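The structure that follows is given in the form of C-alpha cells.
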Amino acid sequence: MKIYTTYIFDLDGTLTDTTSVWLDIFRDCLNKFSVAVPDDKVLSQHTHDWRQMLELGLPESKLESFVELAHQLAKERLPESPFHDGAREVLERLKAIGKRAAIFSTMDRPIFELTMRHRGLYSLCDVAVAGTDVSHRKPAPDGILKALTDLGVPQKEYKNAVYLGDKDTDIQ
C-alpha cells in the first residue's frame with residue numbers, strides 16, 4: 001500500500017458539501033439575468049471559470065454584475081455548508097500523525113476565506129490556496145503546484161503526495 005506524506009484536498013464538494021449550494025447560486029444568478037438555466041449536469045460543467053457563463057448565454061456586458069451577485073450569494077451561503085461525514089476527522093488525524101496537509105479550491109479568495117474561517121480549517125491544514133491565488137484554475141495544475149511549493153515539498157517527493165477532489169477537473 002502506498003504511504004503518502006502530503007495530502008491536498010479540494011474544499012467544496014470534497015471536504016464540505018457545497019455542490020447543491022453552488023448550483024443554487026448559479027441558478028439564481030442566471031435567472032436574475034434572464035438566462036435559461038440548463039439541467040444540473042450541464043450547469044456543473046460550467047462552474048470553474050466565471051467566463052463559462054457566457055457559453056450559457058450570459059451577455060459579456062453582464063458578467064461583472066453576475067460575478068458580484070454570485071460572490072454575494074456565496075458569502076452568505078457557502079460558509080454554512082456542512083462537512084461531509086468524516087472529513088473533519090480525517091484532517092484532524094492527518095495533523096495528529098504529522099502529515100502535511102493543504103486545501104486547494106477554485107473558489108475566489110474572499111469566498112474561500114469566509115468558509116475556511118467559519119469551519120475552522122486553518123487550524124487543520126498547513127497551506128490554503130484559493131483559485132485566485134494562481135494564474136490558471138483547474139484543470140491546470142497551478143494550485144496543486146503552489147500548495148506543494150508552499151508546503152516545502154521538494155519536487156522529487158511529489159510522488160508521495162496525493163490530491164483528493166470530487167470532479168473531473170480534479171482528475172485532469
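Keep in mind the model is a prediction, meaning the values are calculated, not measured. Just so it is clear, the values below take in all heavy atoms, side chains as well, and ignore hydrogens, waters and symmetry mates.
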Just by distance, do the side chain of D133 and the backbone of A130 share a donor-acceptor pair under 3.5 Å?
-> yes

What's the spacing between L23 CG and D39 CG if we round to 0.5 Å?
-> 10.0 Å

Rounded to the nearest 0.5 angstrom, the CG-CG distance for L63 and L54 is 5.0 Å

Electrostatic pair D108:K75 at N-O distance under 4.0 angstrom | no

Take L164 and I8 through the side chain to side chain contact (heavy atoms under 4.5 Å, CB included) test and state the conclusion after the steps.
-> CA-CA 6 Å; L164 297 104; I8 304 171; over 6 Å; no

State whether the side chain of D17 and the backbone N or O of H84 hold a donor-acceptor pair below 3.5 Å, judged by distance alone.
-> no

A74 and I25: which non-hydrogen atoms are nearest, and at how many Å?
-> CA-CD1, 3.6 Å

Contact summary for L114 and P79, nearest pair of heavy atoms | CB-CG, 3.9 Å

Drop me the distance from L30's CG to K62's NZ, to the nearest 0.5 angstrom.
-> 14.0 Å

Side-chain contact, heavy-atom cut-off 4.5 Å: R77 with D28?
-> yes

May I ask you to say whether E89 pairs ionically with R93, meaning some side-chain N is under 4.0 Å from a carboxylate O?
-> no

L11 and F104, any side-chain heavy atoms less than 4.5 Å apart | no

Heavy-atom side-chain contact between F83 and L121 under 4.5 Å = yes

Is there side-chain contact between D12 and S81, with at least one heavy-atom pair below 4.5 Å?
-> no

Walk me through it: do D49 and Q52 pass the test side chain to side chain contact (heavy atoms under 4.5 Å, CB included)?
-> CA-CA 6 Å; D49 184 328; Q52 289 178 316; 4.1 Å; yes

Check the pair E76 / Q72 against side chain to side chain contact (heavy atoms under 4.5 Å, CB included), numbers first and verdict last.
-> CA-CA 6 Å; E76 294 168 7; Q72 175 191 336; 3.5 Å; yes

ILVMFWY cluster, V127 and M116 together (side-chain gap under 4.5 Å) | no

Nearest heavy-atom neighbours spanning R137 and T106 | NH1-O, 2.5 Å

Between CD1 on residue I97 and CD on residue E92, distance to nearest 0.5 Å | 12.5 Å

Report yes if the side chains of H118 and E80 come closer than 4.5 Å at any heavy-atom pair, otherwise no.
-> yes

Closest approach of K156 to K159 (non-hydrogen atoms, all atoms of both residues) | O-NZ, 3.2 Å

Between S135 and D142: side-chain donor-acceptor atoms closer than 3.5 Å | no

Test item: T6 side-chain N/O and R100 main-chain N/O as donor-acceptor pair under 3.5 Å | no

L73-L56 co-clustered via ILVMFWY side chain contacts under 4.5 Å = yes

Roughly how far apart are M107 CE and T115 OG1, rounded to 0.5 Å?
-> 4.5 Å

With a 4.5 Å limit on heavy-atom distance, are the side chains of F9 and L94 in contact?
-> yes

Residue pair R27 / W22, side-chain heavy-atom distance below 4.5 Å = no

Y158, V162: one ILVMFWY side-chain cluster at the under-4.5 Å cut-off?
-> no

State whether the side chain of R88 and the backbone N or O of R119 hold a donor-acceptor pair below 3.5 Å, judged by distance alone.
-> yes

Taking C-beta and beyond as the side chain, do R117 and F112 meet within less than 4.5 Å on heavy atoms?
-> no

Interatomic spacing from CG in D126 to OH in Y7 - rounded to 0.5 Å = 13.0 Å

Determine whether L15 and V129 fall in the same hydrophobic cluster, where Ile, Leu, Val, Met, Phe, Trp and Tyr are linked whenever their side-chain heavy atoms lie under 4.5 Å apart.
-> no

Heavy-atom closest pair, residues G13 and D166 = CA-OD2, 3.4 Å

Under the side chain to side chain contact (heavy atoms under 4.5 Å, CB included) criterion, do E157 and L148 qualify, and how do the steps go?
-> CA-CA 10 Å; E157 291 183 28; L148 290 167; over 6 Å; no

Closest approach of A147 and A102, non-hydrogen atoms and distance?
-> CB-CB, 4.0 Å

Could you check whether the rings of W50 and F66 sit parallel, tilted or perpendicular, using 30° and 60° as the cut-offs?
-> perpendicular

Verify same cluster id: I103, Y163 (apolar side-chain graph, 4.5 Å) = no

